[in-house]
Visitor: 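There's a structure below that I have some questions on.
Nothing here was measured: the structure is a model prediction, and the numbers come from that model.
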Amino acid sequence: MNPRVKKRLRIIAIFTTLIWMMVIFRFSMDTGSSSHELSSFCVELFNKAIIFLTGKDLRISISPEHYSWIELFFRKLAHMSIYFVLSINVMVVLFTFNCSMFLRMFISALFCFGYALTDEFHQLFVDGRGASFFDCIIDTSGALLGIIAALIFYCIMYTIMTKFQKSRGIVSSIYDEES
């Protein structure tokens, strides 16, 4: 990759990573009741979709305990999702450096785990919120899924670019030569 393009990509990727980290920090600033309201809103949207698709209202069809499990599921899915995106951003930054893929994966996972720890620590000081190491594990599992998604996307893009460059004669492979 052109060094100038790589530098620009690195700057943009660092910028988007910092913005996403601010988004995560902002979500962590929500009080316990505000966070609960957002989760309830998401579950209500899910319930409306179920009513539309099946005609059944979950609040009536299942017990209140099970309905609260759905809300818990959405809360944990939100944790995984935001760290999924964070790890992809970090991987894009790391793709602009010349290092092994294993090192990129390790740094990204470690960075996301570290940020999850600081995020949970931050929640200790927010009204109605608390820290949970279990949430750190959920955040990190979302980050690991994001790392896998970034690797798949990288492999696809690498294959496309290599085929394009070969078709234009820009690069050649030792495997293309006949024996």
Side-chain angles (χ1 to χ4, degrees), residues 1-30 35 38-39 42 45 72-126 129 131-179:
M1 181 184 289
N2 182 333
R4 216 178 301 168
V5 172
K6 189 182 274 193
K7 185 177 178 181
R8 288 181 187 151
L9 177 62
R10 183 179 299 150
I11 291 168
I12 291 168
I14 290 171
F15 183 69
T16 58
T17 302
L18 291 173
I19 287 174
W20 195 250
M21 290 170 69
M22 288 188 287
V23 167
I24 293 171
F25 185 81
R26 177 62 191 97
F27 276 124
S28 293
M29 288 175 49
D30 287 346
S35 178
L38 181 59
S39 298
C42 292
L45 284 177
L72 180 67
F73 173 76
F74 273 91
R75 292 177 73 81
K76 301 312 171 190
L77 185 62
H79 273 267
M80 287 182 74
S81 300
I82 60 177
Y83 280 86
F84 178 90
V85 174
L86 178 63
S87 67
I88 290 174
N89 280 318
V90 172
M91 285 296 287
V92 171
V93 171
L94 295 173
F95 284 144
T96 64
F97 290 96
N98 294 329
C99 57
S100 73
M101 196 59 75
F102 178 78
L103 184 61
R104 288 178 184 141
M105 293 166 37
F106 179 75
I107 291 171
S108 181
L110 187 64
F111 180 85
C112 291
F113 178 70
Y115 194 69
L117 286 174
T118 61
D119 183 44
E120 291 300 317
F121 179 73
H122 168 247
Q123 288 180 23
L124 283 173
F125 304 102
V126 177
R129 302 286 293 266
S132 168
F133 187 73
F134 182 69
D135 283 348
C136 289
I137 300 302
I138 290 173
D139 296 341
T140 305
S141 65
L144 293 174
L145 291 173
I147 290 168
I148 292 168
L151 290 174
I152 291 169
F153 183 73
Y154 177 84
C155 290
I156 292 169
M157 293 306 296
Y158 183 82
T159 302
I160 291 170
M161 287 302 297
T162 303
K163 285 186 177 189
F164 174 77
Q165 290 173 346
K166 281 183 182 179
S167 71
R168 302 279 188 206
I170 298 170
V171 295
S172 63
S173 171
I174 59 169
Y175 302 110
D176 293 339
E177 299 173 5
E178 290 185 37
S179 301

Visitor: Applying side-chain contact (heavy atoms from CB on, under 4.5 Å), can you list everything that pairs with Phe133, at least two apart in sequence or on another chain?
Guide: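 Phe113, Leu117, Cys136, Ile137.
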Visitor: According to salt bridge (charged side-chain N to carboxylate O under 4.0 Å, His left out), who are the partners of Asp119, at least two apart in sequence or on a separate chain?
Guide: none
Visitor: For the CE atom of Met105 and the OG atom of Ser100, what is their distance to the nearest 0.5 Å?
Guide: 9.0 Å
Visitor: Only counting residues at least two apart or in another chain, list the ones meeting side-chain hydrogen bond (donor to acceptor under 3.5 Å, both in side chains) with Arg75.
Guide: Ser35, Ser39
Visitor: So, do Lys6 and Phe95 sit near enough that their side-chain heavy atoms are less than 4.5 Å apart?
Guide: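 The answer is no, as the side chains (C-beta and beyond) never meet within the 4.5 Å cut-off.
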Visitor: How close do Ile14 and Val93 get, heavy atom to heavy atom, and via which atoms?
Guide: N-CG2, 3.6 Å
Visitor: Between the side chain of Gln123 and the main-chain N/O of Ala131, is any donor-acceptor distance below 3.5 Å?
Guide: no
Visitor: Kindly say whether Arg104 contributes a backbone atom to a donor-acceptor pair with the side chain of Ser108 at under 3.5 angstrom?
Guide: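 Not a single qualifying donor-acceptor pair exists.
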Visitor: Could you work out, with side-chain contact (heavy atoms from CB on, under 4.5 Å) as the rule, every residue matching Thr16, not counting sequence neighbours?
Guide: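 By the side-chain contact (heavy atoms from CB on, under 4.5 Å) rule, Thr16 matches Ile12, Asn89.
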Visitor: Please list, one pair per line, the donor and acceptor atoms closer than 3.5 Å that link side chains of residues 145-158 to other protein atoms, with sequence neighbours excluded.
Guide:
none

Visitor: By the salt bridge (Lys or Arg N to Asp or Glu O under 4.0 Å) test, which pairs, at least two apart or in different chains, include something from residues 79-100?
Guide: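 Residue pairs with at least one partner in residues 79-100: there are none.
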Visitor: To the closest 0.5 Å, what do you measure between SG (Cys42) and CG (Leu77)?
Guide: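 Separation between the atoms: 9.5 Å.
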Visitor: Measure the spacing between CG of Leu86 and CD1 of Ile24 and express it to the nearest 0.5 Å.
Guide: 4.5 Å
Visitor: Among all residues two or more places apart in sequence or in another chain, which pass the side-chain contact (heavy atoms from CB on, under 4.5 Å) test with Phe121?
Guide: Leu124, Phe125
Visitor: My understanding is that only residues two or more places apart in sequence, or in another chain, count here; which of them pass side-chain hydrogen bond (donor to acceptor under 3.5 Å, both in side chains) with Arg10?
Guide: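 Result, side-chain hydrogen bond (donor to acceptor under 3.5 Å, both in side chains) vs Arg10: Thr96.
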Visitor: Taking the side chain from Trp20 and the backbone from Ile82, do they hold a donor-acceptor pair closer than 3.5 Å?
Guide: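 Here the side-chain-to-backbone pair exists.
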Visitor: List in chain and number order the residues that pass side-chain contact (heavy atoms from CB on, under 4.5 Å) with Phe25, two or more places apart in sequence or in another chain; answer none if no residue qualifies.
Guide: Met29, Tyr115, His122
Visitor: Kindly state each residue pair satisfying side chain to side chain donor-acceptor pair (under 3.5 Å) with at least one member in residues 134-150, sequence neighbours excluded.
Guide: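 Every pair satisfying side chain to side chain donor-acceptor pair (under 3.5 Å) with a residue in residues 134-150: Lys76-Asp135, His79-Asp139.
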Visitor: Can you tell me which residue pairs pass the salt bridge (Lys or Arg N to Asp or Glu O under 4.0 Å) test with a partner in residues 18-27, sequence neighbours excluded?
Guide: Arg26-Asp30
Visitor: Can you list the residues that meet the side-chain hydrogen bond (donor to acceptor under 3.5 Å, both in side chains) rule with Lys7, with sequence neighbours excluded?
Guide: none
Visitor: Report, as yes or no, whether the 6.0 Å neighbourhood of atom CZ on Phe27 holds more than 12 heavy atoms from other residues, nucleotides or ligands.
Guide: no
